[in-house]
Amino acid sequence: MKQLFSTLLVMLLCSVAYAQQQDSVTISGRVTDYDGQPIDSASVWWQNPQFDIAIEAITGKDGHYTARVPKGKYQSVSAIYLPSYAHMAMKSGLPEAEHRLEFWAWDFIADRDTTLNIRYNRMEAYGLRAFRIPGAMPTYQIYVRPMSLTRFYQWMEKTKPESILHGEALGDIKQESQSKDAKESQWAPRPEQLKVTVWIDGEEVPVLMKQEIKEYFDANEYANAYLLTVDLPKHPKAGLPYRVFKVELEDLENGDRGEGLYYMEKEIYVK
């Protein structure tokens with residue numbers, strides 16, 4: 001009887017492990033800088049809409065990481081070597097040239113084993129979103145707020161803010177009408193200073209229009225962001241239920257670089 005119980009327990013544990021295996025996927029890759037050098041001890045996080053960390057992976061000396069991630073859609077994936085992250089590096093005394101901003105992938109879809117290689121430097125592709133306008137030209141529109149660390153420090157030196165809000169939930173804050181005297185927090189380059197390269201499912205597509213817009217934080221403050229119009233891929237890939245947009249940014253004035261990903265589920269309509 002005891003042996004039978006042990007056998008049943010082993011079978012049950014194997015069944016649970018198999019079910020968990022079927023409900024999760026393996027995400028792996030390398031985290032490097034723009035020279036291809038691996039970043040050791042970088043954190044890779046899968047996050048919910050409150051930016052709470054659901055899954056974390058840490059890179060090894062070769063920059064490689066592996067994570068077993070429950071299937072589903074995650075608001076974001078971010079990556080950074082924490083001691084170099086600007087908010088921490090300013091306090092630790094790390095030389096300014098070694099300060100960094102994180103990589104972001106938005107609306108990440110974990111539906112299959114995936115290789116996700118990550119690069120980051122001193123610019124974020126923050127809030128990345130892609131969409132199409134029904135009845136308009138056959139193009140994609142991409143929203144992004146480039147955040148240059150060099151420009152951020154210049155802004156801080158110029159304005160000397162008392163505090164910087166970071167990670168605060170803003171969803172319940174009532175917005176007032178914009179003020180005519182609203183001040184700009186210029187953390188992104190101007191259009192002539194910003195180089196943008198876009199890929200859709202690995203295919204580079206032309207950037208047809210680059211519009212600088214205002215993103216208001218409140219009635220009295222805004223940052224400069226961008227609305228990009230890009231062409232459709234000439235050789236669209238079949239097989240995936242979503243498109244992967246990759247946007248690479250470079251500040252031509254100070255050399256800050258960064259990139260981000262956006263996962264857009266394909267539109268399926270009744271014919």
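Not measured: the values here are computed from a predicted model.
- Y242 and Y263 have tilted rings, their planes meeting at an angle from 30° to 60° on a 0 to 90° scale.
- Looking at Y65 and V31, their side chains come closer than 4.5 Å, going by heavy atoms from C-beta outward.
- Looking at heavy atoms from C-beta onward, Y120 lies out of side-chain contact with L101 at the 4.5 angstrom threshold.
- Between M147 and F152 the shortest side-chain heavy-atom distance does not fall below 4.5 Å.
- Counted by atom type alone, Q141 and T229 present one or more donor-acceptor pairs between their side chains at under 3.5 Å.
- Side chain to side chain, E98 and S84 fail the donor-acceptor criterion of an N or O pair below 3.5 Å.
- In this model, a donor atom of one side chain and an acceptor atom of the other lie less than 3.5 Å apart for E221 and S185.
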Kindly indicate, with the supporting measurements, whether the criterion salt bridge (Lys or Arg N to Asp or Glu O under 4.0 Å) is fulfilled by R122 and E96. CA-CA 11 Å; R122 290 172 60 85; E96 195 271 336; 2.6 Å; yes
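- Within a 6.0 Å sphere centred on CD of E192, other residues, nucleotides and ligands contribute more than 12 heavy atoms.
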side-chain contact (heavy atoms from CB on, under 4.5 Å) evaluation trace for H235 with D201: CA-CA 9 Å; H235 308 286; D201 294 339; over 6 Å; no
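- Within the 4.5 Å cutoff, the side chain of I80 has heavy atoms near those of the W45 side chain.
- For the 3.5 Å distance criterion, the side chains of E259 and Y34 qualify, holding a donor opposite an acceptor.
- Considering only heavy atoms from C-beta on, L116 comes within 4.5 Å of F108 through its side chain.
- At least one side-chain heavy atom of L261 sits less than 4.5 Å from a side-chain heavy atom of K246.
- Counting heavy atoms from C-beta outward, R151 and E253 have side chains that approach closer than 4.5 Å.
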